[in-house]
Undergrad: 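Before anything else, here's the structure in question.
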Amino acid sequence: MSAQPSPAIVAQDAVRRLPRPALLLLCLVYVIAGYVGRAPWRNADIASFGYMLELAAGRADDWFAPTLMGVPTDSGALLPYWLGAWAMRLAPSWMAPDFAVRIPFALMLAGTLAATWYAVYSLARHPAAQPVAFAFGGEASPVDYARALADGALLALIATLGLMQFSHETTPALTQLFCGALVFHGLAALPYRPLGAPLSLLAGLPGLALSGAPATALIYGGWSLAALLAPGQPPHDTPVRKRALWSLGAAVAISLALAWALNLFRWQIAPWRTHWNDWRSVSQLFVWFTWPVWPLALWTLWRWRQQLAGLRLHRYLGLPLMIASVPLVSVILTRAGDRALLLALPALAALAAFALPTFKRSAAALMDWFTVLFFTGLAIFIWVYWIAMQTGVPAKLAANVARLAPDFESVFQWPALAAALLGTLAWIALARWRIGRHRPALWKSLVLPAAGATLCWLLAMTLWLPALDYGRGYAPQMSRLRRLIGDAPCVQVHGLGTPQVAALRFHGGWAPEPANEPMQQCPWLLVDAQNLPTLSKTVDLRQWRLTVQVPRQTDKNETLLVYQRSGSP
């Protein structure tokens, strides 16, 4: 073990326990807000729901190749669609299908938070991660210190901006996040949990492979196996080492077999970025998506820099760096987009937690004041806009809402208002407590960022939810379309994307068929306006007449042209 001194100087008084009811309530509010009361949103959210709906209804012939109107998924994932379909089949008849689908995904988000906490708790118990021992005693005990850092990592994860929306969608990204967190926990807890850690690996690595990230699963597993097989590397205890090798080897073998047998590998390497604008976009994505954990993670690497030369020995730094580096590099090499960065957030939150014992009091106070001002201002912004939506005052803000969401009629909901008021009052009480004079605690610097992020997410998912559903959903457009064509026996479509097809099935209740199939009984044809130039190559326009255009009020690029067959009533 390296003899480099630890930069952490922590007294026992600074690792007192964060009240569990408060922490659990914060997690519960964060998980529930966004999963209850809303409709499926456009693009990835409703498209994934459409594939699940097909499987649950028995319209998809092959569960190993889900399709929506004959179009396969573009993610190569299977597990998230299976979970959604099983949830709909097991749900009682009175439960809405879109709500039933969200139940397993809400549980996976809660599992991600729990797995991150236990992973950091295990890493912080590493002897080299412990704070400096005082000459006359009084330093933090290992268990209390590990618990305080785990609390800090959980708060940092909740505070991360990129986690909010994507972790509340029913997409493969959340399944990958959950399985990645299981892998993180399994690798971190191998020396301490003889049963739980192998089970996490046996569930996490194959789960990653079935969720559209088989290459990531094999990189994690292969990298970890190579580290374990290297001579002189921990864990040194022979039974623990054998158990780790067997569980990792089995998990890697299962993942490889599943990915190979089910043809889950996808070639995603993109051309190298050669323009400055491309690199600037990636940099901006990293900055906002991982805020506020990336500055803390960088501070950790600076303060613990003497330990970076031996990352295999200092696994509390090496393991999070390994877990985070794979999705970070994949975003650069594959153009995978922001959802791929989700996999890095638990590991980055772990690195952020190790910055806490090295903070000076002035830096913590600056973070607190910035957080109070930022989230208080953002909460006031949300409240003022909600008042404008309800009353029309201030008139300028109400005009902005009318411009962004034409024809939107605000709906007053007492439960939403009560939840928003309770959340705001809790924030005020927490802010007053935090800026007061209290005994120091490691996790105190991240209480306000986590609570502020949860507050703003709660306010958006209560006060703004009707407007967000109107702007980001397809229900208003499908409602207008239904008033025009009613319960049509058959509807043909041309040029529609999978989100639009899913919206037709769920909101409209129709079973769309491709326009290139000869179906004389279909009286209606729906065409995406942007694909109108290719319509004449698919159908005989002499048999159809254009009756009306139905736009999405918040996006004119998704206008549907409604054609009626000539001679049909």
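All figures in this text were calculated on a predicted structure; none of them were measured in a lab. Side-chain atoms are counted along with the backbone in the values below, which use heavy atoms only and exclude waters and symmetry mates.
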Undergrad: Please assess L526 against L481 for the test side chain to side chain contact (heavy atoms under 4.5 Å, CB included), listing each intermediate value before the final yes or no.
TA: CA-CA 10 Å; L526 305 179; L481 189 61; 3.7 Å; yes
Undergrad: What's the spacing between R505 CZ and Q500 CD if we round to 0.5 Å?
TA: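 One finds 14.5 Å between CZ of R505 and CD of Q500.
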Undergrad: Mind telling me whether W386 and W383 have parallel, tilted or perpendicular rings, with 30° and 60° as the class edges?
TA: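 Taking W386 first and then W383, their aromatic rings stand perpendicular (interplane angle over 60°).
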Undergrad: So, E558 side chain and R552 main chain: donor-acceptor pair closer than 3.5 Å or not?
TA: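 Between the backbone of R552 and the side chain of E558 there is no qualifying donor-acceptor contact (under 3.5 Å).
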Undergrad: Pair L248, L205 - check side chain to side chain contact (heavy atoms under 4.5 Å, CB included), show working.
TA: CA-CA 9 Å; L248 258 177; L205 288 175; 4.2 Å; yes
Undergrad: With a 6.0 Å cut-off on the ring centroids, do W288 and W291 count as close?
TA: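 Ring centroids of W288 and W291 are no less than 6.0 Å from each other.
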Undergrad: Return yes if some donor-acceptor pair links the side-chain N/O of R339 with the main-chain N/O of A173 below 3.5 Å, else return no.
TA: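 Absent.
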Undergrad: Can N400 and Y385 be counted as having a side-chain donor-acceptor contact under 3.5 angstrom?
TA: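 Note: N400 and Y385 side chains meet the donor-acceptor criterion.
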Undergrad: Could you check S122 against H185 for side-chain hydrogen bond (donor to acceptor under 3.5 Å, both in side chains), going step by step and ending with a plain yes or no?
TA: CA-CA 8 Å; S122 298; H185 166 256; 5.4 Å; no
Undergrad: Which heavy atom of A156 sits nearest to which heavy atom of A352, and what is that distance?
TA: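 For A156 versus A352, the nearest heavy atoms are CB-CB, 4.4 Å.
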Undergrad: With a 4.5 Å heavy-atom cut-off, do S255 and L218 have their side chains touching?
TA: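 They are in contact (side-chain heavy atoms under 4.5 Å apart), so the answer is yes.
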Undergrad: Are P80 and F105 side-chain neighbours, meaning at least one heavy-atom pair lies under 4.5 Å?
TA: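 When only atoms from C-beta onward are counted, F105 and P80 do touch, with a gap below 4.5 Å.
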Undergrad: Less than 4.5 Å apart, side chain to side chain, heavy atoms only: is that true for L208 and Q176?
TA: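 Heavy-atom side-chain distance check passes, below 4.5 Å.
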Undergrad: Just verifying a value: how many Å separate L154 CG and L149 CG, rounded to the nearest 0.5 Å?
TA: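 Rounded to the nearest 0.5 Å, the CG-CG separation comes to 12.5 Å.
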Undergrad: Please check if the number of heavy atoms outside K556 that lie under 6.0 Å from its NZ is greater than 12.
TA: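 Yes, enclosed.
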Undergrad: Quick one: CG on L174 to OG1 on T170, what's the gap to the nearest 0.5 Å?
TA: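 Taking CG in L174 and OG1 in T170, the distance rounds to 9.0 Å.
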Undergrad: Just how far is it from atom CD1 of I387 to atom CD1 of I380, taken to the nearest 0.5 Å?
TA: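 Atom-to-atom, I387:CD1 and I380:CD1 are 10.5 Å apart.
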Undergrad: Which pair of heavy atoms, one from F359 and one from S445, lies closest together, and at what distance?
TA: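 Answer, listing the atom of F359 first, then S445: CD1-OG, 4.3 Å.
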Undergrad: Any carboxylate oxygen within less than 4.0 angstrom of a Lys/Arg side-chain nitrogen, looking at D45 and R102?
TA: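 Salt bridge: no.
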Undergrad: Check whether the side chains of Y316 and Q307 place a donor and an acceptor atom closer than 3.5 Å, and report yes or no.
TA: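 Checked: Y316/Q307 side chains show no N/O donor-acceptor pair below 3.5 Å.
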Undergrad: Who are the side chain to side chain contact (heavy atoms under 4.5 Å, CB included) partners of I103, not counting sequence neighbours?
TA: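 So I103 forms a side chain to side chain contact (heavy atoms under 4.5 Å, CB included) with M95, F99, L107.
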Undergrad: Taking the side chain as everything from C-beta on, heavy atoms only, tell me whether C456 gets closer than 4.5 Å to F381.
TA: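 They are not in side-chain contact.
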Undergrad: Does F506 have its ring centroid less than 6.0 Å away from the ring centroid of F49?
TA: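 Yes, they do, as the ring centres are separated by less than 6.0 Å.
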Undergrad: Would Y81 and V101 satisfy side chain to side chain contact (heavy atoms under 4.5 Å, CB included), going step by step from the backbone distance to the final call?
TA: CA-CA 9 Å; Y81 306 117; V101 162; over 6 Å; no
Undergrad: Got L345 and L341 here, is their nearest side-chain heavy-atom distance under 4.5 Å?
TA: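 A side-chain contact is absent here, since even the closest heavy-atom pair is not under 4.5 Å.
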Undergrad: Which heavy atom of I158 sits nearest to which heavy atom of A453, and what is that distance?
TA: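 Taking every non-hydrogen atom into account, O-CB, 3.9 Å.
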Undergrad: What are the two closest heavy atoms between F166 and T171, and how far apart are they?
TA: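 Looks like O-OG1, 4.5 Å.
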Undergrad: Do the rings of F408 and Y470 sit parallel, tilted or perpendicular, given the 30° and 60° boundaries?
TA: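 If you compare the ring of F408 with that of Y470, the planes turn out tilted.
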Undergrad: Can a donor-acceptor pair be found, under 3.5 Å and without considering hydrogens, that links the side chain of T376 to the backbone of V372?
TA: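 Looks like yes, one N/O pair under 3.5 Å.
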Undergrad: Could you tell me if the ring centre of W457 sits under 6.0 Å from that of H168?
TA: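 That pair passes the under 6.0 Å test.
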Undergrad: Distance alone, cut at 3.5 Å: any donor-acceptor contact between the side chains of T454 and W427?
TA: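 Not at all, the side chains of T454 and W427 share no donor-acceptor pair under 3.5 Å.
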Undergrad: Check whether the ring centres of W82 and Y51 lie less than 6.0 Å apart, and answer yes or no.
TA: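 Centroid distance W82-Y51: not below 6.0 Å, so no.
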Undergrad: Contact between Y30 and L458 at the side-chain level, heavy atoms closer than 4.5 Å - yes or no?
TA: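 When only atoms from C-beta onward are counted, L458 and Y30 do not touch, as no gap falls below 4.5 Å.
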Undergrad: Could you walk me through whether L378 and L455 pass side chain to side chain contact (heavy atoms under 4.5 Å, CB included), step by step?
TA: CA-CA 10 Å; L378 189 55; L455 169 69; over 6 Å; no
Undergrad: Could you check whether any side-chain heavy atom of L155 comes within less than 4.5 Å of a side-chain heavy atom of L23, counting everything from C-beta outward?
TA: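 Yes, at least one pair of side-chain atoms sits under 4.5 Å.
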Undergrad: When rounded to the nearest 0.5 angstrom, what is the spacing between CG in L109 and SG in C27?
TA: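 Answer rounded to 0.5 Å: 9.0 Å.
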Undergrad: Within a radius of less than 6.0 Å around OH of Y118, do more than 12 heavy atoms belonging to other residues, nucleotides or ligands occur?
TA: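 Check fails, neighbour count at 12 or below.
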Undergrad: Compare every heavy atom of Y220 with every heavy atom of P327, then report the nearest pair and how far apart it is.
TA: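 That closest heavy-atom pairing would be CD-OH, 3.5 Å.
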Undergrad: Give the minimum heavy-atom separation between A217 and A209, together with the two atoms involved.
TA: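 Closest pair (atom of A217, atom of A209, distance): CB-N, 4.1 Å.
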Undergrad: Just how far is it from atom CG of L404 to atom OG1 of T554, taken to the nearest 0.5 Å?
TA: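 If we round to the nearest 0.5 Å, L404:CG and T554:OG1 are 9.5 Å apart.
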